[in-house]
Trainee: 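If you scroll down you'll find the structure; I have some questions about it.
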Amino acid sequence: MAPYLFIAPFFLLYGAFLLGPTIFSLWLSFHSWDGITPMEWVGGRNYTNLLDDPTFISSAKNTALYAVVALCILAPLALLLAVVLNARTVRAKDLFRAVYFLPIVLSPLVIAIIFILIFDKQFGLANAALRGLGLEPIAWLSTPLWAKAAVIAVIIWRYTGYVMIFFLAGLQNVPGELREAARVSGASQWQEFRYVTSPLLRPVTAFIAIIVLIGAAQIFEEPYILTGGGPADATISVAQFVYREGLTNLNMGYASAASVVLFVAIAFCTFVLVRVFRVGREL
Amino acid sequence: MRVRVLRRVVGTTGLHVLLLIGLVICLLPLVWTVSSAFKNLDEIFDYPPHFIPREFTLTEYTRLFEEFPMWTWIGNSLFVAIVSTVIGVFLCAMCGFGFAKYTFRGKSALFAVLLSSMMIPFAVLLIPLFKLVAQLGWADSYQALIVPWVAPAFGVFMMRQFTAQAVSDEMLDAGRIDGATEFGLFWRLALPVLRPALAALSIWLFLTVYNSFLWPLIVVSSAERQTLPVGLAALLNTLGAERGAEYGLLMAGSVVAMAPTIVLFIALRKQFIEGLTLGSVKG
Amino acid sequence: MDTFSRKKFLRVAGGATLGLVVTSPSAFASRSRLLSKKKETVKLTMWSHEGEIAKFLSRRARELNAAGTSKYVFAPVEATVIPLADVPTKFLAAASAGTNLPDLLAIEINAFSRYMKSNIAQRVLLDLTDEVDPVRAQFFESSLDPYSVGGRLYALESAYTLCAYYYKPAEFKKLGIPKQIDTWEEMLKIGARVGAKGKHFTTIATGGGGVASGLSGQFIMFLLQRGGGIFDSSGKLILDSAEAVQALDLLVRGLKNGTFLAVEQLFGPTDATALQTGKMIGHEGADWWKFMLTRNAPDQSGEWRLTPMPQFSKGGFPTSHFGGTGYAIAKGSKHQEAAWELLSYSFLRKRGQIQKFKETFFLPTLKSAFRDPAFLSYKDPYFGGQQKLRLYAKLAPDSPTQRQSPFWAVATQALDRELSEAFALRKTPRAAIKAAAAAVARSMKA
């Protein structure tokens with residue numbers, strides 16, 4: 001009885017507000033709809049059109065890239081920072097933690113302005129640095145490869161400190177005494193981390209890995225504000241594709257179909273991660 | 001022995017240098033934004049960029065507050081964010097506790113539903129959710145602004161993982177033996193241990209609600225309910241798309257907008273430093 | 001009479017009249033006809049990406065109130081300012097949910113296509129055709145056509161965005177450039193020499209600069225000037241054409257040989273820097289481009305002048321259009337009649353059109369305005385007192401029309417993609433145009 005009481009308020013609100021629209025959008029993916037005129041059944045046509053849509057394919061590839069980078073670079077970097085900024089020998093931890101967190105509070109509008117300036121071919125800081133090193137300036141935001149790099153740089157800049165906070169919260173519940181004991185027994189920093197801290201951190205690491213995956217898969221702002229998804233669809237994400245098709249081009253059924261595909265992909269990857277981190281089996 | 005100490009000193013110093021570089025990277029864009037907010041419009045995009053305003057001016061701030069209803073915007077954003085955070089964190093903690101510390105029928109299914117609800121881009125839920133809210137007569141109301149945020153699956157998942165990591169069965173059993181109710185276990189035993197997680201969740205939820213753009217854009221139709229992100233975005237076009245962006249006002253607005261989140265972080269940061277290590281029963 | 005006793009007098013007089021009304025039944029019948037004409041106070045709401053037109057309408061509302069001829073009393077128009085790209089999103093979401101619609105709606109010319117899909121316009125906007133028909137011939141057709149679908153008109157253009165060429169005569173003289181360059185091809189020849197000195201005849205947005213990069217907008221301006229278009233008047237796709245290739249080819253060659261300077265985003269930070277550092281000695285632009293100058297380079301006041309744009313030697317128009325915003329009335333509005341009364345009073349009369357220019361600097365769409373001597377004698381202070389309206393009057397009658405289609409958004413998205421490829425020299429102009437047209441054709445078929 002008790003557990004149901006604990007989870008009831010959440011599921012009631014969820015059921016009332018979010019479940020209905022979710023199911024509706026699944027139903028919508030088999031229709032063509034502009035939001036105003038009546039819906040029209042089209043069966044699986046939205047899905048087959050997606051497979052033929054080069055923009056969708058690009059967005060899927062880009063999103064996969066962002067997810068891989070987030071999981072393999074951003075999250076480990078955040079963990080490293082959290083561990084370092086939790087260590088005894090580091091000074092001014094408080095200051096570092098606060099400053100690393102700061103990028104996330106800046107409005108996306110301003111981030112767009114700043115980073116477009118930084119990556120500008122003529123006047124940008126990035127190319128000024130390159131020129132200083134004797135290298136050729138790069139047309140960052142108008143070259144597909146470098147635009148991707150620029151977007152990734154912004155993503156890492158913006159979120160690493162933020163993810164670090166979650167790791168820090170988790171590290172607070174890893175008892176200092178245990179880590180001390182390991183070090184005193186002669187373990188190196190790496191061994192201490194691997195055999196003591198890491199296992200105790202696992203439920204939190206699992207959580208962070210999954211939300212980083214889900215967050216990266218749904219990324220919208222950074223590519224959108226920096227490059228608008230270009231150049232030539234080099235940076236567009238699936239979430240932007242969904243937004244554009246649904247709200248700008250008024251192809252809501254088509255947009256729903258794309259979000260269903262995204263959902264299936266995320267669900268699959270999450271399932272894998274759940275297995276890997278053995279979520280749900282801490283009890 | 002001397003070599004070892006030397007290596008450690010060099011290692012630590014090198015570490016601090018790297019941390020400092022990271023600090024500068026994180027801070028630079030913010031410093032530029034703050035300094036731009038105190039410059040005249042034609043000085044902001046000077047090349048090469050400089051941080052100290054040649055002509056220190058507060059006109060952008062005064063213009064911002066005089067010509068636009070900034071206080072309304074700030075007030076609305078703060079109110080909605082604070083209420084959503086308080087309610088949401090509580091509900092998530094409860095629900096997470098239920099999932100982490102109990103077994104019950106339908107648990108895996110419900111948890112799967114929870115996780116999957118995070119995998120759908122908001123753009124597809126926008127119209128059906130708005131329709132639902134409108135039918136309730138809640139269009140352009142505070143309830144509508146708060147409602148999507150009080151049951152965030154992210155928060156439940158997070159609390160579940162952190163609860164699994166930090167709250168031990170032994171501690172709860174001891175509490176049960178002492179005659180506590182199930183809710184009492186949650187309120188008096190679990191919550192204190194979960195303070196770091198609650199802090200992290202509060203920051204996440206506050207930021208998410210405070211910065212949300214799409215939902216308030218659609219829901220709000222009167223000037224009294226307008227929120228800060230939408231107001232600031234409109235600044236970019238306020239004198240007409242044909243007239244170019246009000247960069248100075250945007251900088252000033254963004255500096256003001258950053259303040260509450262920074263304050264919240266500073267207020268909560270002690271949770272990350274001192275978390276509760278651990279007089280509690282563990283190991 | 002001083003103020004105090006005047007008020008008192010009026011109060012007494014008012015009270016006396018009221019007393020008369022109430023106490024004389026024989027006069028009551030005729031009085032009640034007078035009383036029943038009590039005016040309804042109307043507060044009109046507007047959703048727009050800018051606030052100047054709302055202020056303009058509010059001032060006209062005050063005039064209407066003072067004239068007393070309307071059966072409404074207008075409160076100031078309340079505008080909710082929303083980012084440009086989100087105005088249609090918000091409006092269509094509200095229409096979809098059947099809730100809280102504004103009375104007046106700003107429709108940017110390139111956003112109108114979103115109301116054309118499945119003729120949504122017919123369902124959500126008031127049809128203005130019959131009201132406007134009697135005076136239609138007095139307006140430039142290229143200001144009305146872009147806001148029509150199915151032959152019916154749904155919005156009135158507020159800004160007739162005629163394009164001309166802004167330039168700095170002193171710089172031209174210093175570099176030995178003739179004041180009037182007749183064709184773009186000629187400009188390209190001169191540009192090769194001048195560009196090498198770090199001076200450029202305009203900036204071209206080459207993309208990758210965020211959402212509102214203006215990439216396709218600038219190209220479309222050139223395309224229209226060349227006499228081409230994306231769609232024709234029947235909605236057929238005509239993008240894949242010699243005109244389009246030539247327009248794009250001009251831009252690509254100009255960028256390559258230094259005539260034009262590449263920037264990420266029009267009106268963006270680097271565009272501003274190019275202006276402020278003197279690299280930009282000229283720029284093509286609509287009438288509103290002058291705000292780029294007044295905001296970012298107030299110190300260059302007096303150094304700039306306006307002249308007609310160079311033309312394409314192979315044909316086209318002497319001018320073009322870039323942007324524009326029409327104002328429509330929502331069908332869901334509770335004050336349709338009042339809204340139309342205010343809108344027509346402000347936009348359809350010559351006096352209103354001229355006042356609009358004085359207050360917002362948007363050019364009139366009314367032909368007779370450009371024949372008004374007082375209007376034409378306006379001296380723009382930033383341009384050293386140049387009577388620029390005379391120039392616009394010459395250009396106004398012969399401007400291209402932007403032909404709309406429900407697939408306009410798809411077309412601009414495709415163009416954004418392919419143009420950046422062409423500017424980066426990864427595709428030839430011909431290949432880029434063909435690819436963009438193919439993408440649009442594919443969407444039109446799906």
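Just so it is clear: chains get the letters A, B, ... in the order the sequence lines come, proteins before strands, and each one is counted from 1.
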Trainee: Under 30°, 30 to 60°, or over 60°: which ring-plane class applies to B/Phe183 and B/Phe186, parallel, tilted or perpendicular?
Mentor: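 Rings of B/Phe183 and B/Phe186: tilted, 30 to 60°.
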Trainee: Side chain from CB out, backbone as N, CA, C, O: work out which of these in A/Ile111 comes under 4.5 Å of a heavy atom of chain B, or both, or neither.
Mentor: neither
Trainee: Would you say the side-chain atoms of B/Tyr210 pair up with the backbone N or O of B/Ala257, donor to acceptor, closer than 3.5 Å?
Mentor: yes
Trainee: Centroid separation under 6.0 Å, is that true for the rings of B/Phe154 and A/Phe207?
Mentor: yes
Trainee: Side chain, backbone, both or neither: which part of A/Thr270 has an atom under 4.5 Å from a heavy atom of chain B?
Mentor: side chain
Trainee: At a 4.5 Å cut-off on heavy atoms, which part of A/Ala217 comes close to chain B: side chain, backbone, both, or neither?
Mentor: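 Contact with chain B: none, neither part.
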Trainee: Taking the six-membered ring for Trp and the full ring for Phe, Tyr or His, determine whether the centres of A/Phe271 and A/Phe268 are under 6.0 Å apart.
Mentor: no
Trainee: Is chain B contacted by the side chain of A/Ala258, its backbone, both, or neither, given a heavy-atom distance below 4.5 Å?
Mentor: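 For A/Ala258, there is no contact with chain B at all, as no heavy atom is under 4.5 Å.
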Trainee: By a 4.5 Å heavy-atom criterion (distance strictly below it), what part of A/Phe24 contacts chain B: side chain, backbone, both, or neither?
Mentor: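 The answer is the side chain of A/Phe24.
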Trainee: Please state whether the side chain, the backbone, both or neither of B/Leu125 comes within less than 4.5 Å of a heavy atom of chain A.
Mentor: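 Contact with chain A is through both the backbone and side chain of B/Leu125.
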Trainee: Where on B/Ser117 is there a heavy atom nearer than 4.5 Å to chain A: the side chain, the backbone, both, or neither?
Mentor: both
Trainee: Report the relative orientation of the aromatic rings in B/Phe99 and B/Phe104; use parallel for angles under 30°, tilted for 30 to 60°, perpendicular for over 60°.
Mentor: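 B/Phe99 and B/Phe104: tilted rings.
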Trainee: Does any backbone or side-chain atom of A/Phe220 lie under 4.5 Å from a heavy atom of chain B? Answer side chain, backbone, both or neither.
Mentor: neither
Trainee: If we define contacts as heavy-atom pairs under 4.5 Å, which of B/Ile262, B/Thr12, B/Val147, B/Ile266 has the most with chain A?
Mentor: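 Most pairs with chain A among the choices: B/Val147.
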Trainee: Can you say whether A/Leu102 sits under 4.5 Å from chain B via the side chain, the backbone, both, or neither, judging by heavy atoms?
Mentor: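 A/Leu102 touches chain B through backbone and side-chain heavy atoms alike.
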Trainee: Taking the six-membered ring for Trp and the full ring for Phe, Tyr or His, determine whether the centres of B/Phe97 and B/Tyr102 are under 6.0 Å apart.
Mentor: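 Yes, close enough.
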